[in-house]
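Structure first, then comments.
When reading the values below, keep in mind they use all heavy atoms of this one structure, side chains included, and skip hydrogens, waters and symmetry mates.
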Amino acid sequence: MKNKNTRIKIVAAVLVVECLFYVLYFAHHQKQIDVYLKSRLEVSKTKVESSIQEFEQGTDVVFKTLIDKKPVLELFAQASTADTTDQKRVRAQLYQRLLPTYEDLVHFHYKQLHFYLPDNTSFLRFHRPERYGDDLSEIRYSVKRTNETQNPHSGFEEGRIINGFRYVYPLFYANRHIGSVELSNSFEAIQEHLSTRGVMHSAFFVSKQEVQSSVFPSEQINYQSSEFFDSYFVESNARKPDCFRPEHRHLILSVLKTEVLPMIELKRNYTTFIELPDTTLLLSFVFVPDLMGRRIAFVAMCETDVVLEQMQHNYLFNMFFGLLLLPLVVVFGSLYIEKYRSQKKMNQQLTQANQDKDRFISILAHDLKSPFSSVVGMLELLDTASEEYDRDTVKQYIHVLYDSAKRSFNLLEDILTWVKAGTDKIPFHPELQPLDKVCSDVMSSLQSPADRKQVQLVNELEAGMLVKADLNMLKTILRNLLSNAIKYSRTEGTIRVYAQKQKHEVRLVVEDQGVGMDASTVETLFNPSLKASSPGTSNEQGSGLGLLLCKEFVQRHGGRLEVESELGKGSRFTVVFVA
């Protein structure tokens with residue numbers, strides 16, 4: 001009887017442990033899936049945002065080099081004061097002058113080139129030249145705001161004919177506001193760009209209510225109802241995603257209706273996955289706010305995902321053998337738990353490292369690709385139509401090409417230096433260095449950009465104050481901190497460099513009176529996965545790697561880099577050296 005009771009207790013213990021294992025491992029697996037899906041959603045958002053930004057940058061180049069020119073402005077300036085007959089003449093001449101340009105833009109997936117009068121009246125639609133004279137004040141927020149503020153506006157917006165990612169610029173002639181011009185590209189352009197980033201299937205959905213209230217009734221044939229989401233339209237001639245095979249239709253529709261649709265109705269970005277017999281599909285839904293911040297459209301993306309597939313295989317494999325071998329787990333439980341905890345910690349660290357790396361590489365790729373996109377686009381224009389441009393226009397093209405190439409080269413140099421610093425491949429020879437002399441040398445090299453902004457560089461370092469540091473690294477640290485201070489200083493500002501010697505350390509301070517930063521920006525300064533560089537007060541550009549490089553070099557000296565800043569009042573960067 002005693003042995004029987006013992007066996008019952010052992011069986012009961014094993015069953016309890018098996019149930020506990022099943023519940024805990026299932027919860028762990030679901031958490032891993034949730035973390036991974038959240039990271040993939042961030043990647044999808046970055047892909048969509050960077051694709052739109054690249055077209056915006058390219059459109060700026062098109063506007064400056066092809067539209068914002070004296071002959072075009074001089075001709076269009078006549079429209080706002082002309083009578084109906086003269087307006088017809090101006091419209092015809094403007095159409096004839098820019099038609100070759102518009103045809104070239106269509107080749108690059110631009111849909112519209114549209115001129116507006118200052119009162120928001122449509123003057124010339126190159127895609128529908130026969131339609132003009134309609135007041136778009138209540139329909140086109142982008143046009144209305146551009147004409148009101150006389151500043152450019154860009155973003156997604158529904159139109160009277162079809163939607164687009166619009167870039168609206170004010171036009172001026174002889175210091176007089178004469179109206180505005182719009183360039184827009186369709187989702188097809190974004191779709192093609194997404195395909196280069198691994199998204200083989202994508203679609204664009206627009207609120208049915210928005211289309212019916214904004215688009216000309218005769219033009220609503222450009223849209224058709226979505227078979228997946230009743231409240232949204234898709235463009236009739238848009239390329240449809242073909243990752244949904246007929247034999248999987250029922251399963252996919254079930255997931256879209258029960259899981260995705262509630263998130264779409266709540267206007268939330270969402271990512272999920274569907275396990276099919278031969279693959280795993282990752283579905284991402286990213287809303288694209290319009291110019292008024294409304295979530296009336298979203299991008300749907302479909303990709304195959306081997307990581308999720310492997311996670312599911314690992315889960316089933318581990319669950320099967322875990323339950324099978326649990327009697328041994330009861331005996332060797334303590335050893336297993338210790339190993340499991342260690343492995344869990346390593347997996348979390350690896351997952352985080354991979355996420356940081358993916359985001360960092362994605363940002364770097366965008367930073368490098370943006371200037372190259374401008375270079376390639378302009379070179380293609382020069383290659384296909386160089387004989388149409390005069391010498392001044394070609395010189396402007398070359399200047400833009402030079403700026404883009406130089407920015408890419410500087411970014412590559414910063415990346416290589418930062419990578420070398422992280423792998424200890426840069427020589428390190430610390431010696432006693434006179435801070436005041438080193439600072440004077442660095443300030444001399446930066447005097448030219450400081451003078452251009454009328455910024456005063458003040459060296460308050462005491463003569464004879466020494467720190468043990470590698471000379472080249474010390475100069476690089478000072479150069480980057482002073483360059484940043486100049487970049488974000490206002491005209492006639494002052495930048496001070498001073499030091500405080502304490503018992504066991506020397507605190508070298510670079511202090512400016514510039515635009516400063518809020519607390520959230522300071523917290524993300526040294527996170528490589530969030531690398532970013534905002535333009536300076538004179539629109540200076542940078543790579544965003546300078547501060548990361550400073551931190552690497554300071555840590556190489558066994559010191560630390562401290563930051564204090566207040567928005568609108570300036571920043572103070574302190575390099576702490578061990579005395």
Side-chain angles (χ1 to χ4, degrees), residues 367 371 402-404 406-415 417-418 421 433-462 465 467 469 471-500 507-518 521-522 524-526 531-554 559 561-577:
D367 285 353
Y402 171 75
D403 283 346
S404 297
K406 183 178 179 182
R407 183 150 53 97
S408 301
F409 180 75
N410 290 339
L411 176 56
L412 282 172
E413 280 194 324
D414 286 346
I415 293 170
T417 304
W418 185 70
Q433 307 292 347
L435 275 178
D436 61 324
K437 184 178 183 304
V438 174
C439 182
S440 294
D441 292 343
V442 174
M443 282 185 172
S444 295
S445 69
L446 296 173
Q447 196 60 53
S448 178
D451 289 343
R452 281 196 297 271
K453 296 182 75 169
Q454 300 179 38
V455 173
Q456 185 178 8
L457 303 178
V458 181
N459 184 349
E460 298 180 359
L461 293 166
E462 297 178 10
M465 182 175 288
V467 293
L471 180 58
N472 290 329
M473 289 190 181
L474 179 58
K475 285 185 176 181
T476 300
I477 293 168
L478 271 171
R479 188 181 303 111
N480 275 295
L481 294 180
L482 284 169
S483 294
N484 271 1
I486 295 170
K487 179 179 178 181
Y488 297 109
S489 287
R490 302 181 182 92
T491 302
E492 298 184 356
T494 300
I495 299 171
R496 299 170 55 224
V497 181
Y498 58 93
Q500 301 167 340
R507 299 174 64 84
L508 176 62
V509 181
V510 177
E511 184 178 276
D512 65 64
Q513 303 168 338
V515 296
M517 298 172 283
D518 56 24
T521 302
V522 172
T524 61
L525 277 180
F526 302 107
K531 183 198 77 67
S533 176
S534 57
T537 54
S538 295
N539 203 34
E540 301 98 324
Q541 302 297 318
S543 67
L545 291 173
L547 286 179
L548 295 178
L549 192 58
C550 285
K551 183 181 179 183
E552 291 281 354
F553 284 172
V554 171
L561 183 58
E562 299 174 355
V563 185
E564 301 170 72
S565 188
E566 186 174 351
L567 198 61
K569 295 187 178 180
S571 302
R572 182 186 298 113
F573 285 80
T574 303
V575 182
V576 182
F577 291 100

>> With a 4.5 Å cut-off on side-chain heavy atoms, are Asn480 and Phe553 touching?
In response: no
> Do any N or O atoms from the side chain of Gln433 and from the backbone of Ala469 form a donor-acceptor pair under 3.5 angstrom?
Replying inline: yes
> Is a side-chain N or O of Lys551 found less than 3.5 angstrom from the main chain of Leu561, in a donor-acceptor match?
Replying inline: no
>> Measuring from atom CD of Gln456 to atom CZ of Arg496, what distance do you get when rounded to the nearest 0.5 angstrom?
In response: 11.0 Å
> When you look at Val467 and Leu508, which way does the side-chain contact (heavy atoms from CB on, under 4.5 Å) test go after all the steps?
Replying inline: CA-CA 10 Å; Val467 293; Leu508 176 62; over 6 Å; no
> Which atoms form the tightest heavy-atom contact between Lys453 and Tyr488, and what is the distance?
Replying inline: NZ-N, 4.4 Å
> Below 4.5 Å, heavy atoms only, C-beta onward: do Thr494 and Asp512 meet side chain to side chain?
Replying inline: no
>> Tell me the closest heavy-atom pair linking Ser571 and Ser565, and the distance in Å.
In response: OG-OG, 2.8 Å
> Rounded to the nearest 0.5 Å, how far apart are CD of Glu511 and CZ of Phe573?
Replying inline: 11.5 Å
> Are any of the side-chain heavy atoms of Thr521 and Asp518 separated by less than 4.5 Å?
Replying inline: yes
>> Ignoring hydrogens, what is the shortest heavy-atom contact between Met443 and Val458? Give both atom names and the distance.
In response: CE-O, 3.5 Å
> When rounded to the nearest 0.5 angstrom, what distance separates CZ in Arg572 from CG in Leu481?
Replying inline: 13.5 Å
> If you look at every heavy atom in Leu567 and Gly516, which pair is closest and at what distance?
Replying inline: CD1-O, 3.8 Å
>> Strictly distance-based, threshold 3.5 Å: is any side-chain N or O of Asp436 a donor or acceptor partner for the main-chain N or O of Asn459?
In response: no
>> For a 4.5 angstrom cut-off between non-hydrogen side-chain atoms, does Arg452 reach Pro449?
In response: yes
> Side chains of Leu474 and Leu435: closer than 4.5 Å at any heavy-atom pair?
Replying inline: yes
> Which heavy atom in Leu525 sits nearest to a heavy atom in Leu548, and how many Å separate them?
Replying inline: O-CD2, 4.1 Å
> Is any side-chain heavy atom of Val438 less than 4.5 Å from a side-chain heavy atom of Lys475?
Replying inline: yes
> What are the two closest non-hydrogen atoms of Val497 and Leu482, and how far apart are they?
Replying inline: CG2-CD2, 3.8 Å
>> Please check this pair: side chain of Arg507 against backbone of Ala499, looking for a donor-acceptor N/O pair closer than 3.5 Å.
In response: no
>> So Asn484 and Val510, do their side chains get closer than 4.5 Å, heavy atoms only?
In response: no
> Would you say Arg490's side chain and Gln513's backbone share a donor-acceptor pair under 3.5 angstrom?
Replying inline: yes
> Which value, rounded to the nearest 0.5 Å, describes the distance between Leu446 atom CG and Asp451 atom CG?
Replying inline: 10.5 Å
